[in-house]
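The structure under discussion appears below in the form of structure tokens.
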2 protein chains.
Amino acid sequence: MSETTTRRRARSGGGAARRAERGAVSFETARFITRNIPDLEVMNAEAMEIIEQNADTVLEEIGVGFVNNPGALERWKQAGADVRGERVHIPRGLARQLCATAPSRFTQHARNPERSVEIGGRNLVLAPVYGPPFVRDAAGGRRYATMEDFRKFVKLGYMSKWLHHSGGTVCEPTDVAVNKRHLDMLHAHMTLSDKPFMGSVTDPSRARDSVEMCEILFGREFVQQNTVMTSLININSPLTFDDVMMGALEVYAAANQACIISPFIVGGAMAPVSVAGTLTQVLAEVLAGIAYSQLVRPGAPVIMGAFVSSIDMNSGAPTFGTPEASLVTYGAGQLARRLGLPFRSAGSFCGSKLPDAQAAYETANSLNMGLLSGVNFMLHACGWLEGGLVASFEKFVMDADQLGVLHRLAEGISVSDDAQAMDAIREVGPGGHYLGCAHTQAHFKTAFWKSDLLDYKPFETWEEEGARDTQALAAAKVEKMLATYQQPLLDPGIAGALEEYVTGKKAAEPDAFL
Amino acid sequence: MSETTTRRRARSGGGAARRAERGAVSFETARFITRNIPDLEVMNAEAMEIIEQNADTVLEEIGVGFVNNPGALERWKQAGADVRGERVHIPRGLARQLCATAPSRFTQHARNPERSVEIGGRNLVLAPVYGPPFVRDAAGGRRYATMEDFRKFVKLGYMSKWLHHSGGTVCEPTDVAVNKRHLDMLHAHMTLSDKPFMGSVTDPSRARDSVEMCEILFGREFVQQNTVMTSLININSPLTFDDVMMGALEVYAAANQACIISPFIVGGAMAPVSVAGTLTQVLAEVLAGIAYSQLVRPGAPVIMGAFVSSIDMNSGAPTFGTPEASLVTYGAGQLARRLGLPFRSAGSFCGSKLPDAQAAYETANSLNMGLLSGVNFMLHACGWLEGGLVASFEKFVMDADQLGVLHRLAEGISVSDDAQAMDAIREVGPGGHYLGCAHTQAHFKTAFWKSDLLDYKPFETWEEEGARDTQALAAAKVEKMLATYQQPLLDPGIAGALEEYVTGKKAAEPDAFL
């Protein structure tokens with residue numbers, strides 16, 4: 001970290017910046033979670049071996065499609081795969097062997113070095129919702145997302161204590177041209193927050209723009225030597241790797257930037273209806289995708305992803321917070337650990353249209369499972385609503401508050417002399433109470449995790465204050481946060497250069513809306 | 001089970017009963033959960049040994065209070081404890097040694113043998129909320145509970161597929177005299193449901209009434225030989241055993257009926273603010289309580305309980321679904337397994353005043369933890385609201401629906417040939433979809449757990465139907481369930497005898513309201 005600190009000090013420059021720094025408000029962010037509790041291992045070794053064998057059979061016998069991508073087919077041929085048309089048949093064991101060069105953990109640097117994150121090992125990094133075309137809030141209802149909504153979410157994420165990462169497409173800014181919105185989104189992440197963020201994947205050229213903007217923000221040399229973006233590469237399940245996603249992957253891997261390589265599965269539609277069948281396909285897909293990343297650049301940082309929902313067979317709607325999705329995630333976590341790779345899954349998933357009890361049950365099911373399945377990078381950790389169609393302002397702060405539960409749970413149980421509290425038990429004795437004893441006095445401020453949102457008041461007080469439900473409490477909190485937001489400092493030279501880059505890029509080509 | 005079936009057949013008697021049976025509606029109830037997934041072990045062996053050593057130190061050095069109970073003090077003296085006044089100092093290892101005669105699992109019989117439950121081992125039995133003086137529903141708001149409310153909850157419990165047990169005081173029927181309400185409550189459980197239930201513990205005489213009513217329902221000989229009630233004996237934490245609760249325990253243990261022996265802890269008030277300190281006290285308390293049950297009758301069935309909440313140190317309010325309570329429960333589960341005893345904890349705990357998102361986050365945190373901490377008997381598994389002050393009709397059905405998630409999750413991952421689904425993956429191949437394939441067609445009806453309550457509809461349909469939140473959906477479901485309720489059959493002779501017993505008991509003494 002010292003190298004980073006030095007770099008920043010050297011660049012922060014003049015007296016104006018120093019003066020601004022003295023006046024700046026800093027919002028507290030928790031360090032990423034390091035688990036001191038075990039993972040839940042739902043499968044035994046025999047079950048895992050069956051699935052690993054089957055995944056190898058899928059890769060060899062059925063193969064995977066690399067579509068519109070002659071370069072990829074050529075790379076696979078060179079690596080020893082049997083390429084027939086656009087179908088790549090990968091001999092048993094080859095994909096796993098290629099995956100071995102991927103690092104088991106890596107640092108994603110933030111422009112504020114205190115906010116850099118370690119992805120892998122016993123760690124869990126939390127990032128907000130990604131991708132919704134709609135937003136919802138209590139006052140305005142459901143509507144298409146705009147760039148102004150996007151900026152609000154970045155601000156909320158920056159101010160959220162338990163959120164370690166600014167994310168990527170926290171909502172789709174539908175009022176900006178498709179071929180230019182990535183510029184505005186990256187600019188927002190870089191200037192409105194100092195947490196780590198994700199790059200654009202919707203076109204290889206946009207991935208290149210993302211790298212170039214990072215070179216302005218971090219310095220070219222720093223970006224060449226360090227990972228500063230973790231971007232989301234979805235696989236077209238089943239077993240298909242399209243040229244757009246692979247094109248973005250190629251840009252990022254070549255630049256040593258991290259990719260989450262992630263099957264996107266609605267169970268029963270994009271994968272078999274059984275958990276073991278889904279796990280087999282997930283493993284085959286990530287083996288092929290991660291192996292490919294290592295063909296592009298051995299050692300490129302990657303995360304094994306698994307986005308899994310189940311399906312309501314009546315309506316065809318994806319369903320969330322369900323037990324089958326949890327079982328797949330627990331199993332996928334075990335498979336990731338056997339591969340020695342960082343793992344991405346889970347999130348604030350729900351199918352509900354409102355931030356109501358359904359949303360919260362489903363979300364809590366998924367968040368708890370995410371912690372216990374060994375997830376290292378949790379995208380969508382807050383703000384997800386309506387099957388991912390909607391980013392909800394209220395749910396963003398509701399979920400972000402619940403992420404505090406995961407932090408504390410992950411700490412596990414201390415049995416230090418002080419935590420054993422034998423003196424307290426002696427002091428109080430049968431029939432007494434602990435409220436005033438010395439041990440309680442010494443620890444009461446930090447002994448219990450405390451929500452910054454939920455209602456703990458007596459019934460009468462709560463009723464007098466308007467009998468507000470969680471959504472109403474959250475709406476008030478969103479309003480207050482946005483009203484008190486203060487932008488993190490950024491070197492004026494860098495801010496100007498980013499501005500110039502975005503303006504120049506936007507002027508260079510006409511708007512596209514497809 | 002065959003002995004039970006024979007007994008019932010022999011007693012079901014005349015043609016009227018047989019005719020009624022042919023016309024009866026049967027509501028489906030899932031078998032109690034048997035876990036096919038492991039427990040989450042948050043403490044290592046060293047930590048557990050520290051806590052066990054400390055608990056023994058507490059019992060020997062500090063001791064426990066048995067208040068107003070000379071008989072108990074005499075029993076402890078006989079067993080080798082050092083009794084000073086009302087304080088019982090238990091030599092190291094003695095309590096654990098006495099606990100060894102308690103069975104590691106037992107059957108609680110229901111009057112419908114198909115609804116009998118096995119408590120202990122890898123099993124999880126789910127029972128509804130216990131104790132709230134208030135009820136709430138969307139239409140009527142919050143109000144004191146009545147016997148009519150009680151009956152409605154028993155009906156809902158009877159009709160709830162994922163609930164295995166009818167519970168006990170699902171709400172306090174405040175319109176019936178304190179010294180008589182147990183008669184009406186037991187009568188409701190016995191006649192409106194055929195699931196297993198709990199007995200009264202508010203006075204030893206009421207425990208005796210409970211046993212006598214069971215003798216009418218099951219036959220005296222059957223009750224002498226079998227466990228037909230599991231009742232809740234709270235310890236006055238810290239370290240105090242009062243005469244009322246111990247009096248009820250003595251009645252039940254002597255009659256071979258099961259007791260949950262359970263510390264009742266608001267962390268920081270009735271136990272130290274640290275998790276390890278709380279675990280130490282919990283273990284000391286249950287060791288003393290369970291040892292005492294075995295002094296009353298060696299082999300009496302018991303459950304090691306742990307009711308634990310954390311506290312908001314600002315308001316003093318207990319808080320629920322919090323990480324510290326989860327850690328205590330995970331740890332207590334481990335200690336229970338080392339004792340070889342069934343374990344009771346967790347539930348639909350929440351502090352929220354409404355069945356909103358707060359309620360659901362907190363509840364889901366607790367339900368998930370309950371499954372993974374190895375709980376064998378989960379009281380309060382549905383319907384709990386506002387820190388247990390309120391039984392909510394809507395939340396009852398909301399939580400009861402979520403209990404289905406636990407059933408499926410507990411099944412774990414099958415790797416049968418069929419579940420491996422290799423033929424499906426071969427059939428569909430890269431770029432296809434699984435909706436129509438043979439494997440999906442064969443399994444789609446049962447492949448995914450499906451809520452009977454939550455909304456999975458397209459946004460437009462949901463909006464047209466009134467944009468209902470979960471509470472509104474639940475209110476409609478409560479109404480529908482109560483409208484379609486049908487009473488389970490009961491031998492008219494038994495029904496008459498129960499009626500007569502309740503009427504006679506009520507007439508024998510004046511109403512008391514304290």
Side-chain angles (χ1 to χ4, degrees), chain A residues 37 40 42-43 47 50 58 65 239-240 268-269 272-277 310 312-313 315 317 322-324 326-327 331 353-358 360-361 364-365 368 398 402 405 408-409 412-413 415 419-421 424-425 430-431 433-435 439-440 443-444 447-449 454 456 462 469-470, chain B residues 37 40 42-43 47 50 58 65 239-240 268-269 272-277 310 312-313 315 317 322-324 326-327 331 353-358 360-361 364-365 368 398 402 405 408-409 412-413 415 419-421 424-425 429-431 433 435 439-440 443-444 447-449 454 456 462 469-470:
Chain A
I37 57 172
L40 188 75
V42 299
M43 290 194 294
I50 289 171
V58 168
L239 301 171
T240 305
V273 288
S274 65
V275 172
S310 47
D312 173 24
M313 283 291 184
S315 66
T322 52
E324 294 80 14
S326 290
L327 289 168
K353 317 295 185 286
L354 297 171
D356 60 359
Q358 173 175 351
Y361 283 123
N365 288 346
N368 281 287
M398 289 157 58
Q402 281 291 302
V405 174
R408 176 69 187 93
L409 203 48
I413 298 177
V415 288
Q420 290 178 44
I425 301 176
H433 73 77
Y434 287 82
L435 291 172
H439 187 260
T440 303
H443 296 293
F444 76 92
F448 298 108
W449 175 80
L454 302 180
Y456 296 151
W462 169 80
D469 68 5
T470 319
Chain B
I37 57 172
L40 188 75
V42 299
M43 288 195 294
I50 288 171
V58 168
L239 302 170
T240 306
V273 287
S274 65
V275 172
S310 47
D312 173 23
M313 283 289 183
S315 66
T322 51
E324 293 81 14
S326 290
L327 288 168
K353 317 295 186 287
L354 298 171
D356 59 359
Q358 173 176 351
Y361 283 123
N365 287 347
N368 281 287
M398 287 157 58
Q402 281 292 302
V405 174
R408 176 66 187 92
L409 202 49
I413 298 176
V415 288
Q420 290 178 42
I425 301 176
H433 74 77
L435 292 171
H439 186 261
T440 303
H443 297 292
F444 77 93
F448 297 107
W449 176 80
L454 302 181
Y456 296 152
W462 168 81
D469 69 5
T470 319

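The chains referred to below are lettered A, B, ... by the order of the sequence lines, with proteins before strands, and numbering in each begins at 1.
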Option in B:Leu327, B:Val42, B:Leu435, B:Ile37 with maximal non-hydrogen atom pairs under 4.5 Å from chain A: B:Leu327
Partners passing side-chain contact (heavy atoms from CB on, under 4.5 Å) against B:Ala47 (at least two apart in sequence or in another chain): A:Val415, B:Met43, B:Asn44
Between A:Val405, A:Val275, A:Thr322, the one whose heavy-atom pairs under 4.5 Å with chain B are most numerous: A:Val405
Close side-chain approach of A:Glu324 and A:Val273, heavy atoms under 4.5 Å: no
Interface moiety of B:Ile425 toward chain A, non-hydrogen atoms closer than 4.5 Å: both
Residue part contacting chain B, namely of A:Leu454, when any heavy atom lies under 4.5 Å: both
All side-chain contact (heavy atoms from CB on, under 4.5 Å) counterparts of A:Ser326, not counting sequence neighbours: A:Tyr330, A:Met369, B:Leu409
Contact origin within A:Trp449 toward chain B - heavy atom pairs under 4.5 Å: both
Which portion of B:Pro355 sits near chain A, non-hydrogen atoms under 4.5 angstrom: backbone
Residue part contacting chain A, namely of B:Ser315, when any heavy atom lies under 4.5 Å: side chain
Closest-packed option against chain A by number of heavy-atom pairs under 4.5 Å, given B:Gln358, B:His433, B:Arg408: B:Gln358
Contacting region of B:Asp469 [heavy-atom separation from chain A under 4.5 Å]: both
Contact leader toward chain A among B:Ala424, B:Ala357, B:Ala364, B:Gly431, where contacts are heavy-atom pairs under 4.5 Å: B:Ala357
Reported CZ-to-NE2 distance for the pair A:Phe444 and A:His439, which is rounded to 0.5 angstrom: 13.5 Å
Nearest non-hydrogen partners of A:Ser310 and B:Phe448, listed with the distance: CB-CD2, 3.3 Å
Heavy-atom pairs under 4.5 Å with chain A, option from B:Ile413, B:Val58, B:Thr240, B:Ile50 with the top count: B:Ile413
Value rounded to 0.5 Å, distance of CG in B:Asp356 from OH in B:Tyr361: 10.0 Å
Chain A contact via B:Gln420 - side chain, backbone, both or neither, heavy atoms under 4.5 Å: both
Most chain B-contacting option - heavy-atom pairs closer than 4.5 Å, from A:Ala269, A:Ala421, A:Pro430: A:Pro430
Which of B:Gly65, B:Ala360, B:Gly331, B:Ala447 touches chain A most, by non-hydrogen pairs under 4.5 Å: B:Ala360
Side chain, backbone, both or neither of A:Gln402 within contact of chain B (heavy atoms, under 4.5 Å): side chain
Part of B:Met313 lying under 4.5 Å from any heavy atom of chain A: side chain
